[in-house]
Amino acid sequence: MKIKILSTFLAVQLILITANAFAQFCGTTGGFLIVPSEGCAPLTVAIKNQVPKAQSLGYIYDFDKTQTTFPEDKDFSKDSSYTYQNPGTYTIFQFGSAEGTGFSLCKDVVVYETRAPKAELVTCQNGRIRLTLIQDSVAKAYDQVEINWGDGSALTTWKNGDPLTINHSYKAGSIIPDITIRGRYTAGLCESNLVPTVISGVLNPPSLEKIKISSVEMQANGTAKLLYEGEEGVPTEVFIDKGDGLFVTTSKTGKAGGLQTATIENLNPNLIYRFKLISRDFCDNPVESIVVSTLKITEGTSIADETNALTWEAYSGAGNILQYQLKRDDTVIYTTADQFSYFDSNVKCGNNYKYEIVAIVENDVRSYSAPIMVSPKSAVPEVIKKASVSVENNNLIVSKVELSGEGLTSTYNLIVERADLGSSGFQKISNPVNESLTFDDSNVNTSQTSYCYRFNYENACKQTAPSFSEPVCSILLKNNIQEITWNSESPFTEAIASYDLLQMDADGKITDELPKQLSLSHGIDLNMESVYSFRIKAHSSDGNLLSYSNVINLKRDIIVLIPDAFTPNGDGINDRFEVKNYFASLFEIRVFNRWGVVVFQSGNAVDSWDGNINGKPAPAGYYTFKMNITDRSNRAISKTGSFLLIR
């Protein structure tokens, strides 16, 4: 109860005291002696209070001077002695009251290390050993460490800052004696308390399995670049198999730890090489790493135009293959675990592409081939076999071609040449770069003549067909009222198979296709009620070439056919003056003699004049006529003229 009251009292008092150099709870008003104030572990100290009339006296034997909260009652001890088992510097906190006033004081106790340092031992059959000190808090506490090799040789003294690894040699084949390790203080402290470590037995050298090749990269100039993991102090050498199955040194060595680089020059990037590391452990035993091989990628034979073919050999190093990665221009485009070829169709002629193959092997090992440059290729294009020309109007002919066979690429340049029908003087009319299979020729006059066209093309790989196509010529279709005719010259160099007459409605839709064989004309039924159009289509004998004529539109406009003479002599030929008309709803005609007298008239289109006046032959000579016609749209048309009566 008194301790609790005192704690509360001291807390109030200490809040009013500014923190000093010791800590905010370590005051200067207390007083006690420590006997002894320093010594070797385990160390027992006795406390003697020096404050007169002290009451509620207590101690904390391992006080944290940096703490920010006042100790709890359970942390205090009324004992006047304490034993420290482990080395270190400890603070003793005294508190109490005297004559109603609280006091406190802190003092330090130093306890020295007496435990034995720790070490690891590697022994070899040739008597060589390596002792490695463990630099923990025990080893750091001593000024030096003394090593007794047990063979009568001089003691070895290790000091802080010296290498932790110490080598020693015994007679080959002898039994390794016990080795004693003991910490020492230069001032001779704790000599009787120092505990030794005794190491005995035979231990194998540590494993060097972490020393391994992580990647091999073959470069285009024949330099192989190796990355491997080394170990500090372990000599490691790079060996190479150049294809004969024998590994020879590359003279590339190192002893450093961590990631290391080795470059081997003057190799052939088109060959396969295998590499391995040989390291020497402490006992000089050779330790080999797994074998890592290079890769080789080559250009294969393309099976299609504008396609790059790539092949590579299977990885020949150790370990299971997880994946092959094919890179194009440093980007992975294909992955596989068991294929060794790839056809890359996502390429275009005129470009060069860089390819390399990467093997990913278990345990995170990688092998990179030397890169190769590949340009897409194609076969020589075939001669254009399919083409057509079509007359669209008086100033436009449209030609179309189809490309087939080998040599087809993503882009092309179509070459178009033209000549007048019957001429051999073909001239190029297409642009320098023409990437359309349809060509519009507007520099023509189809109402006057026909034109012939021939075609060739250059593919994206700059390959051109060996010759131009067979010419295809346009057809000139003419309207002769009662028949339509077309030019007699063949639109093709080779034999023509046939002509077809295409009949179309007012909307241009084909309503009938009439075979005309080799005929060059077609009679027109002018009594047809519909509005229609005609066009001729010509077929070459092999069916690959087509020619379309211009379109003739026939409408239901009035057509009047008037003879300019007749001979009423009874021979049955041209005996009557007969006017023929088509598409008229009303028809009226009057014929006059030279004095203006009406000698014939009729309101029927089928009537004709027999050359008689009142039953008697009219005299020979010129007569005039006047016709009034109304078409089916109720438009009135008047025609006048003259004709000759011949006796």
Side-chain angles (χ1 to χ4, degrees), residues 120-132 163-170 172 202-296 313-321 356 358-370:
E120 294 178 349
L121 181 66
V122 175
T123 65
C124 305
Q125 291 182 351
N126 60 6
R128 190 181 182 194
I129 70 169
R130 169 174 288 175
L131 185 73
T132 302
L164 295 174
T165 300
I166 306 167
N167 297 333
H168 187 73
S169 294
Y170 296 96
V202 178
L203 301 176
N204 293 324
S207 170
L208 301 182
E209 64 179 7
K210 75 174 186 179
I211 300 179
K212 66 175 185 176
I213 299 173
S214 57
S215 72
V216 174
E217 178 184 355
M218 178 60 76
Q219 300 176 350
N221 63 358
T223 297
K225 180 180 179 182
L226 274 68
L227 294 180
Y228 69 91
E229 189 72 25
E231 188 170 321
E232 187 67 34
V234 178
T236 299
E237 188 170 5
V238 180
F239 283 75
I240 184 172
D241 170 13
K242 296 185 177 181
D244 56 6
L246 300 176
F247 281 92
V248 296
T249 181
T250 64
S251 300
K252 303 290 182 178
T253 61
K255 289 186 177 181
L259 193 62
Q260 305 299 311
T261 301
T263 56
I264 296 87
E265 301 174 336
N266 301 318
L267 302 178
N268 185 344
N270 296 318
L271 298 179
I272 299 296
Y273 300 93
R274 299 194 305 155
F275 295 93
K276 70 178 179 181
L277 304 175
I278 297 182
S279 303
R280 296 280 175 175
D281 63 16
F282 173 71
C283 296
D284 204 32
N285 299 316
V287 179
E288 297 185 1
S289 71
I290 64 170
V291 175
V292 179
S293 76
T294 61
L295 287 176
K296 181 179 70 173
E313 296 185 16
Y315 176 75
S316 60
N320 295 324
I321 283 291
E356 58 184 328
V358 182
I360 301 177
V361 190
E362 62 181 349
N363 298 320
D364 200 27
V365 176
R366 281 170 168 74
S367 178
Y368 301 81
S369 73

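Being a predicted model, the structure only gives us computed values, none of them experimental.
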task: Output, in order, the C-alpha distance, side-chain angles, deciding distance and verdict of side chain to side chain contact (heavy atoms under 4.5 Å, CB included) for Ile211 and Val234.
output: CA-CA 9 Å; Ile211 300 179; Val234 178; 3.8 Å; yes
message: Under the criterion side chain to side chain contact (heavy atoms under 4.5 Å, CB included), I'd like the reasoning laid out for Ile272 against Tyr315: C-alpha separation, chi angles, the key distance, then a yes or no.
response: CA-CA 9 Å; Ile272 299 296; Tyr315 176 75; over 6 Å; no
message: Using side chain to side chain contact (heavy atoms under 4.5 Å, CB included), reason through Val238 and Phe275 one step at a time and then give a plain yes or no.
response: CA-CA 7 Å; Val238 180; Phe275 295 93; 4.2 Å; yes
message: Show, in sequence, the C-alpha distance, side-chain angles and deciding distance for Glu120 and Thr132, and conclude whether the side-chain hydrogen bond (donor to acceptor under 3.5 Å, both in side chains) test is met.
response: CA-CA 5 Å; Glu120 294 178 349; Thr132 302; 5.5 Å; no
query: Checking side chain to side chain contact (heavy atoms under 4.5 Å, CB included) for the pair Thr261/Lys225: CA distance, chi angles, key distance, verdict?
result: CA-CA 7 Å; Thr261 301; Lys225 180 180 179 182; 4.0 Å; yes
task: Could you please spell out the steps behind the salt bridge (charged side-chain N to carboxylate O under 4.0 Å, His left out) verdict for Glu313 and Lys296?
output: CA-CA 6 Å; Glu313 296 185 16; Lys296 181 179 70 173; 3.3 Å; yes
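We find the CD1-OG1 distance between Ile264 and Thr250 to be 5.0 Å, quoted to the nearest 0.5 Å. Here the CG-CD1 distance, from Leu121 to Ile166, works out to 11.5 Å after rounding to the nearest 0.5 Å. From Arg274, atom CZ reaches atom CG of Leu246 across 10.0 Å, with rounding to the nearest 0.5 Å. Atom-to-atom distance recorded for Phe239:CZ and Lys252:NZ is 14.0 Å, nearest 0.5 angstrom. Taken to the nearest 0.5 Å, the CZ atom of Arg366 stands 11.5 Å off from the CG atom of Leu227. The CD atom of Gln219 sits 9.5 Å away from atom CD of Glu265, with the distance rounded to the nearest 0.5 Å.
A side-chain donor-acceptor contact under 3.5 Å links Glu362 to the backbone of Asn320. Within the 3.5 Å criterion, the main-chain N or O of Val291 finds no donor-acceptor partner in the side chain of Lys212. With hydrogens and angles disregarded, no donor-acceptor distance shorter than 3.5 Å links the side chain of Ser169 to the backbone of Arg128. With Asn268 contributing its side chain and Asn270 its backbone, the two residues share a donor-acceptor pair below 3.5 Å. Ser293 places a side-chain N or O within donor-acceptor distance of the main-chain N or O of Ser316, the cut-off being under 3.5 Å.
Within the cation-pi definition used here (under 6.0 Å to the ring centroid, within 45° of the axis), Lys242 does not qualify as a partner of Tyr273.
When all heavy atoms of Thr294 and Leu271 are compared, the pair lying nearest together is OG1-O, 3.8 Å. In this structure, Ala224 and Met218 approach most closely via the heavy-atom pair CB-CE, 4.1 Å. Nearest heavy-atom pair across Glu232 and Gly257 is OE1-N, 3.3 Å. The two residues Thr165 and Asn167 have their closest heavy-atom pair at CG2-OD1, 4.0 Å. Taking all atoms of both residues into account, the shortest heavy-atom contact from Pro269 to Ala220 is CG-O, 3.6 Å. Tyr228 and Ile213 make their closest contact through CB-CA, 3.8 Å (heavy atoms, listed as atom of the first residue, atom of the second, distance).
For the pair Leu267/Ile240, a side-chain contact is recorded, criterion being any heavy-atom separation below 4.5 Å from C-beta on. Within the 4.5 Å cutoff, side-chain heavy atoms of Val365 are placed close to those of Ile290.
Looking at Lys276 and Glu288, a side-chain N of the basic residue comes within less than 4.0 Å of a carboxylate O on the acidic one, giving a salt bridge. Salt-bridge formation is not detected for the pair Glu229/Lys210: no Lys NZ or Arg NE/NH1/NH2 atom is positioned less than 4.0 Å from an Asp or Glu carboxylate oxygen.
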Under 3.5 Å, sequence neighbours excluded: what are the donor-acceptor pairs made by side chains of residues 277-284?
| residue | atom | partner | partner atom | Å |
| --- | --- | --- | --- | --- |
| Ser279 | OG | Thr236 | OG1 | 2.9 |
| Arg280 | NH1 | Asp284 | O | 3.1 |
| Asp281 | OD1 | Cys283 | N | 3.0 |
| Asp281 | OD1 | Asp284 | N | 3.1 |
| Asp281 | OD1 | Asn285 | N | 2.7 |
| Asp281 | OD2 | Asn285 | ND2 | 3.3 |

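In this structure, a donor-acceptor pair under 3.5 Å is absent between the side chains of Glu237 and Thr253.
A perpendicular orientation is assigned to the rings of His168 and Tyr170, their planes being inclined by more than 60° (bins at 30° and 60°).
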